[in-house]
Q: 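First the structure, which I've put down as structure tokens, then a few questions once you've had a look.
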Amino acid sequence: MNDKNNSTGKETADSSSLNFIEQIIQEDVRAGKNHGRVHTRFPPEPNGYLHIGHAKAICLDFGAAEKFGGKCNLRFDDTNPMKEETEYVDSIKEDIHWLGFDWEDREFYASDYFDRLYDFAVDLIQRGLAYVDDQSSEQIAAQKGTPTKPGTESPFRNRSVEENLDLFTRMKSGEFSEGTHVLRAKIDMASPNMHMRDPVIYRVVNRAHHRTGNKWHVYPMYDFAHGQSDYFEGITHSLCTLEFEVHRPLYDWLVDRLRTDDYRPRQIEFNRLNLTYTVMSKRKLQELVEEKLVDGWDDPRMPTISGLRRRGYTPESIRNFVKTIGYTKVEAINDFALLEHAVRDDLNIKAPRVFAVLNPVKLIITNYPEDRVEEMELINNPEDEAMGSRRVPFSRELFIERDDFMEDPPRKFFRLGPDREVRLKGAYIIRCTDFVKDPDSGQVTEIHCTYDPDTKSGGTAAGRKVKGTLHWVSAPHAFDAEVRLYDRLFNNEDPMGQKGHDFKDFLNPDSLQVLKNCKLEPSLSEAKPGEKFQFQRLGYFCVDKDSAPGKPVFNRTVPLRDTWGRMAKK
RNA sequence: UGCUUCGUGGUGUAAUUGGCAACACGUCUGACUCUGAAUCAGAAGAGUCCAGGUUCGAGCCCUGGCGAAGCAACCA
């Protein structure tokens, strides 16, 4: 065992803020278990990209360690060379760091322990606690029984130690082909727990491993690697999701046969993260990627860490979200609105305000001089004075949002309409005097207004009130951009939970909407991929990685709360 | 007809020696506002799966039901 002597855990947290797992840890520390040490681990399999469910685990593994003055290891659970690749190792490390956590120099791999695990398997054979089974997986499965019926014993269960040792050695040396032999722990074929019915602990795999190459022809199963790896690393609390609950007796059985002292890692399970209108299993997400139903693992509609990052989510917002939803043993489905609230909350403070017109319509101020341009001063963020202000050009021809004008507005509409007044934010109050419609489509193509020169923001009559305030851009100064609007990936709250349906039946056909000719204020022309803004009155947006000089692309992270939009829908 | 775990507003959580069911999101009002945002103030919404029991008093303890999830990969 290495690394078992880090500093004694100290209780920094007030117990009212501790989740049930942290409370257990606190009790263990108080009771002096493992000398009051707290050491956790985050153990991803490098077979795909991390999603927000992993973020929940990461926050707990690293967070709990930090709360009690302990440490958290990163350990890649790489026991299956069929599925694992170095590419995934790199993305996982990037995502953890981005979320704001650090494993320092403690980057481990289950494959680091292959020799020790093999020796332990040999030890079990010598103690009569493991045997080589020559049967096919079908035969073994048939003998396993069912949850309600006990299993039957393998005909190879009582082989001699010598024969088992010989066979296992030959498995290791590559003499056998895949599927012909396995090593099983000899426990209890009648156990009410299926996992205790002589579980397979080693299988033959004749394939290169991403780290150990062709050294091995036998690989340990998850159950034969996880608890032991925890033990080797001096882990005190091994936190995992609920589906491993039934594995715990096996975890303990193996650790108890491995350990040589009082120290013992403790597995505790918590509920998985589920979100409405999306799916969270790595396999399902992979399906979406492979069938090209999304743009890749980092498609902004994906609940992956890389997808959320590209969508414009901040690490803080994800951590705050995770804090809000908590850890219990209840199978819960969390409302996506909670996540959206978390980003808005964070971006409200951080994101500079800018003007962008997504669905532009031309507005002409007929009494404004043709060649005049004013530089209007706009506050960058009313929530943070330190973010200062910027100058935005204003001229006779502007673009405003098509939605902000109605030919025949209803009572509660307080934007622009014939003979109505409205303020152009940071500029003047204008009155609509006329508008032009395309005779064929019936679409409004031009809105004519007059402005009141006395009402300039900050000017003498600036105090006059009008009900509506619109954002705008100066037509000759604005530049074009592509803006991608995202909606929920699925139409159904719980696409996985619908009996008789494939989850893909519920894909939302309108989850991506691409707007090509959006008009952005000039200050945005320098924005770099990843930069985040509030498009005033619309939502939070960020520059996409597809963005190139002269070909800007923005993603909508989340719209602003919109009580008008909700009213209008009714 | 097994084992393990879980049932608290619409959703997620809290209520920790039994003591007025609390918070967040969402929803709806209102105030403010040069963002129909943010902010502020307020409202509606559960009597804790059901039935018994113990107790002055039960979400919490006991008994019995009901319901849900996980478990039968040589995946993790």
Side-chain angles (χ1 to χ4, degrees), chain A residues 15-16 18-20 23 43-45 47 77-80 82-84 133 136-137 140-142 144-151 178-184 191-197 200-205 219 221-223 225-226 240-249 269 271 276 282-283 324-342 344-345 348-349 353 378-379 382-383 412-415 422-427 429 455 457-458 462-463 465-471 493 534-539 559-568:
Chain A
S15 69
S16 66
L18 301 181
N19 62 53
F20 85 97
Q23 289 177 36
E45 182 187 16
N47 69 341
D77 223 333
D78 56 350
T79 57
N80 185 356
M82 314 279 285
K83 292 162 66 180
E84 294 146 7
D133 197 326
S136 69
S137 60
I140 291 174
K144 204 135 203 179
T146 70
T148 53
K149 263 193 313 200
E178 291 176 12
T180 57
H181 297 75
V182 290
L183 185 70
R184 294 227 255 168
S191 171
N193 183 335
M194 297 294 288
H195 295 277
M196 298 300 271
R197 320 242 262 228
V200 171
I201 56 178
Y202 263 97
R203 77 286 213 187
V204 174
V205 181
Y219 290 89
M221 300 290 290
Y222 164 83
D223 284 309
H226 204 96
C240 62
T241 45
L242 250 24
E243 67 269 26
F244 292 101
E245 216 151 23
V246 286
H247 292 245
R248 193 177 349 121
E269 310 85 10
N271 61 347
T276 53
K282 231 188 247 182
R283 243 208 64 194
T324 307
I325 62 172
Y327 300 82
T328 67
K329 304 187 83 162
V330 184
E331 296 207 30
I333 301 184
N334 297 277
D335 195 335
F336 202 89
L338 229 39
L339 219 207
E340 294 190 318
H341 174 262
R344 288 195 189 106
D345 211 36
N348 179 43
I349 295 161
R353 274 58 170 168
L378 273 298
I379 302 291
E383 306 289 328
K412 290 223 178 153
F413 185 84
F414 43 86
R415 279 119 91 148
V422 98
R423 171 168 292 280
L424 294 177
K425 189 174 173 66
I429 291 177
T455 58
S457 294
K465 303 289 186 215
V466 288
K467 193 70 174 144
T469 303
L470 308 186
H471 62 282
E493 273 199 1
Q534 186 196 91
F535 288 2
Q536 206 118 133
R537 301 210 302 133
L538 297 174
L560 253 30
R561 283 186 77 227
D562 180 13
T563 44
W564 165 248
R566 277 199 305 267
M567 272 172 68

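Hydrogens, waters and symmetry mates are skipped; everything else that's a heavy atom, side chains included, is used. Quantities reported herein were computed from a predicted structural model and do not represent experimental measurements.
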Q: Using a cut-off of 4.0 Å on non-hydrogen atoms, how would the nucleic acid contact of A:Phe20 be classed: base, sugar-phosphate, or nothing?
A: nothing
Q: Counting the atoms with a prime plus P, OP1 and OP2 as sugar-phosphate, which does A:Leu242 contact under 4.0 Å by heavy atoms, base, sugar-phosphate, or nothing?
A: nothing
Q: Specify the separation, in whole Å, of atom CE of A:Met196 and atom P of B:G70.
A: 22 Å
Q: Classify the side chain of A:His471 and the base of B:A37 as holding, or not holding, a donor-acceptor pair under 3.5 Å.
A: no
Q: Counting only side-chain heavy atoms from C-beta out, which of B:G10, B:G2, B:C74 sits nearest to A:Ser137?
A: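 The nucleotide sitting nearest to the side chain is B:C74.
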Q: Taking all atoms of both residues into account, what is the closest heavy-atom pair of A:Ala225 and A:Thr79, and its distance?
A: CB-CG2, 3.6 Å
Q: Where is the tightest heavy-atom contact between A:Val204 and A:Glu178, given as atom of each residue plus distance?
A: O-CG, 3.3 Å
Q: Kindly point out which of B:C6, B:C74, B:U35 is positioned nearest to the side chain of A:Val330?
A: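 Side chain of A:Val330 sits closest to B:C6.
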Q: Could you please name the partner base of B:A51, counting Watson-Crick and G-U wobble pairs only when both distances are under 3.5 Å?
A: B:U63
Q: Please check the phosphate of B:G36 (OP1 and OP2 only) for any side-chain N or O of A:Arg537 closer than 4.0 Å.
A: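 Answer is yes, contact under 4.0 Å.
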Q: Describe the nucleic acid contact of A:Thr563 in one word from base, sugar-phosphate, nothing, applying a heavy-atom distance below 4.0 Å.
A: sugar-phosphate
Q: By the 4.0 Å heavy-atom rule, please label A:Glu245 as base, sugar-phosphate, or nothing.
A: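 Since only primed, P, OP1 and OP2 atoms lie under 4.0 Å of A:Glu245, the category is sugar-phosphate.
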Q: Heavy atoms under 4.0 Å, any strand shown: does A:Asn193 hit a base, just sugar-phosphate, or nothing?
A: nothing
Q: Base, sugar-phosphate, or nothing for A:Gly326, non-hydrogen atoms under 4.0 angstrom?
A: nothing
Q: So which atom in A:Val466 and which in A:Val422 form the shortest heavy-atom distance, rounded to 0.1 Å?
A: CG2-C, 3.9 Å
Q: How is A:His181 classified with respect to the nucleic acid when contacts are heavy atoms under 4.0 Å: base, sugar-phosphate, or nothing?
A: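 Result for A:His181 = nothing.
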Q: Which one, B:G36, B:C75, B:G2, comes nearest to the side chain of A:Asp562?
A: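 When the side chain of A:Asp562 is considered, B:G36 is the closest of B:G36, B:C75, B:G2.
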Q: Between CG of A:Leu339 and OG1 of A:Thr324, what distance do you get to the nearest 0.5 Å?
A: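 Reported value, rounded in 0.5 Å steps: 9.5 Å.
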Q: Quantified in whole Å, what is the C1' atom distance between nucleotide B:G19 and nucleotide B:A58?
A: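 Going atom to atom, C1' in each nucleotide, I get 10 Å.
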Q: Got A:Lys425 and A:Ile379 here, is their nearest side-chain heavy-atom distance under 4.5 Å?
A: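 A side-chain contact under 4.5 Å is absent here.
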Q: Going by 5.5 Å between centroids and 30° between planes, is there a stack of A:Tyr222 over B:A76?
A: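 It does not: the two rings, one from A:Tyr222 and one from B:A76, miss the stacking criterion.
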Q: Would you mind classifying the nucleic acid contact of A:Pro249 as base, sugar-phosphate or nothing, using non-hydrogen atoms under 4.0 angstrom?
A: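 The residue A:Pro249 makes no contact with any strand.
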Q: For RNA chain B, whose closest nucleotide is more 5', that of A:Asp77 or that of A:Lys144?
A: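 Closer to the 5' end of RNA chain B: A:Lys144.
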Q: Report yes if a side-chain nitrogen or oxygen of A:Arg248 is closer than 4.0 Å to either non-bridging phosphate oxygen (OP1 or OP2) of B:C71; otherwise report no.
A: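 No, outside the criterion.
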Q: Measure from the side chain of A:Asn80, starting at C-beta and using heavy atoms only, and say which of B:A72, B:A38, B:C75 lies closest.
A: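 Of the options given, the side chain of A:Asn80 lies nearest B:C75.
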Q: If pairing requires Watson-Crick or G-U wobble contacts with both distances under 3.5 Å, which nucleotide is the partner of B:U17?
A: none
Q: Think A:His341 has a side-chain N or O under 4.0 angstrom from the OP1 or OP2 of B:C25?
A: yes
Q: Taking atom C1' of B:C32 as reference, at what distance in whole Å does atom CD of A:Glu383 sit?
A: 14 Å
Q: In whole Å, measure the gap between the C1' atoms of B:A21 and B:A15 for me.
A: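 About 7 Å, rounded to a whole number of Å.
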Q: When syn is taken as a glycosidic angle within 90 degrees of 0, is B:G65 syn or anti?
A: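 Chi for B:G65 falls in the anti range.
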Q: Could you please name the partner base of B:A37, counting Watson-Crick and G-U wobble pairs only when both distances are under 3.5 Å?
A: none
Q: What contact category does A:Phe244 fall into here, base, sugar-phosphate, or nothing, at under 4.0 angstrom with non-hydrogen atoms?
A: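 Result for A:Phe244 = base.
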Q: Quiz question: going by heavy-atom distance under 3.5 Å, is there a donor-acceptor pair between the base of B:U35 and the side chain of A:Gln534?
A: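 Donor-acceptor pair under 3.5 Å: yes.
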Q: Looking at A:Arg344, I'd like to know whether one of its side-chain N or O atoms comes within less than 4.0 Å of OP1 or OP2 on B:U39.
A: no
Q: Which is true for A:Arg353 with a 4.0 Å heavy-atom rule: it touches a base, it touches only sugar-phosphate, or it touches nothing?
A: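 Base, at least one base heavy atom under 4.0 Å.
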Q: Under 4.0 angstrom, heavy atoms only, what part of the nucleic acid is A:Lys412 near: base, sugar-phosphate, or nothing?
A: base
Q: Taking only the side-chain nitrogens and oxygens of A:Thr328, find out if one of them lies under 4.0 Å from OP1 or OP2 of B:U13.
A: yes
Q: Classify the nucleic acid contact of A:Ile333 as base, sugar-phosphate or nothing, counting any heavy atom under 4.0 Å across all strands shown.
A: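 The residue A:Ile333 makes sugar-phosphate contact but no base contact.
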Q: Using modelled atom types only, decide if a donor and an acceptor are shared between the side chain of A:Arg197 and the backbone of A:Lys144 within a distance under 3.5 Å.
A: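 Between the backbone of A:Lys144 and the side chain of A:Arg197 there is a qualifying donor-acceptor contact (under 3.5 Å).
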Q: To the side chain of A:Val246, which of B:G10, B:G70, B:U5 is closest?
A: B:G70
Q: Please tell me if A:Thr79 has a side-chain N or O lying less than 4.0 Å from either OP1 or OP2 of B:A76.
A: yes
Q: Report the distance from atom CG of A:Leu470 to atom P of B:U35, rounded to the nearest whole Å.
A: 11 Å
Q: Name the nucleic acid region contacted by A:Tyr202, choosing base, sugar-phosphate or nothing; use a 4.0 angstrom heavy-atom cut-off, strictly under.
A: nothing
Q: Return the pairing partner of B:U4 with a 3.5 Å limit on both distances, Watson-Crick or G-U wobble; otherwise return none.
A: B:A69
Q: With RNA chain B as reference, determine whether A:Gly458 or A:Ala337 sits nearer its 5' end, using the nearest nucleotide of each.
A: A:Ala337
Q: Between B:U4, B:G2, B:U35, spot the one nearest the side chain of A:Thr469, thanks.
A: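 Nearest nucleotide to the side chain: B:U35.
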Q: Across the strands shown, which category fits A:Met221 at heavy-atom distances under 4.0 angstrom: base, sugar-phosphate, nothing?
A: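 It contacts sugar-phosphate atoms only.
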Q: Check whether any side-chain nitrogen or oxygen of A:Arg566 sits under 4.0 Å from OP1 or OP2 of B:C28, and answer yes or no.
A: yes
Q: From the list B:G12, B:C75, B:C74, which nucleotide is the closest neighbour of the side chain of A:Ala332?
A: B:G12
Q: Across all strands shown, which nucleotide pairs with B:G26 by Watson-Crick or G-U wobble geometry, both distances under 3.5 Å?
A: none
Q: Of the listed nucleotides (B:G36, B:A72, B:A38), which one gets closest to any side-chain atom of A:Asn348?
A: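 For A:Asn348, the side-chain atoms sit closest to B:A38.
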Q: Which heavy atom of A:Tyr327 sits nearest to which heavy atom of A:Phe20, and what is that distance?
A: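 Result for this residue pair: O-CD2, 3.4 Å.
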Q: Using a strict threshold of under 4.0 Å (side-chain N to carboxylate O), is an ion pair present between A:Glu45 and A:Lys282?
A: no
Q: Roughly how far apart, to the nearest Å, are B:C74 and B:A68 at atom C1'?
A: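 The same atom, C1', in both gives a distance of 31 Å.
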Q: Counting heavy atoms from C-beta on, name the nucleotide in B:U11, B:G2, B:G36 closest to the side chain of A:Pro192.
A: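 Looking only at heavy atoms from C-beta outward on A:Pro192, the closest nucleotide is B:G2.
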Q: So, for A:Asn193 and A:Pro249, which heavy atoms are closest and what is the spacing to 0.1 Å?
A: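 It is ND2-CG, 3.5 Å.
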Q: Quick one: look up who B:A46 pairs with, Watson-Crick or G-U, both distances under 3.5 Å, and put none if it's unpaired.
A: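 Pair assignment: B:A46 / none.
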Q: Would you say A:Arg561 places a side-chain N or O within less than 4.0 Å of OP1 or OP2 belonging to B:A38?
A: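 Yes, within the criterion.
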Q: Please report, rounded to the nearest Å, how far the P atom of B:U35 is from the CZ atom of A:Phe414.
A: 11 Å
Q: How would you label the glycosidic angle of B:A73: syn (within 90° of 0) or anti?
A: syn
Q: From the options B:U35, B:A72, B:A24, select the nucleotide whose nearest atom is closest to the side chain of A:Pro382.
A: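 The answer is B:U35, which lies nearest to the side chain.
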Q: Could you tell me which nucleotide pairs with B:C75 by Watson-Crick or G-U wobble geometry, both distances under 3.5 Å, or answer none if nothing does?
A: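 Partner of B:C75: none.
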Q: Does a nitrogen or oxygen in the side chain of A:Asn271 sit under 4.0 Å from OP1 or OP2 of B:U13?
A: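 Yes, because at least one side-chain N or O of A:Asn271 sits under 4.0 Å from OP1 or OP2 of B:U13.
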Q: Show the nearest heavy-atom pair for residues A:Gln534 and A:Arg537, with the distance to one decimal.
A: OE1-N, 4.4 Å
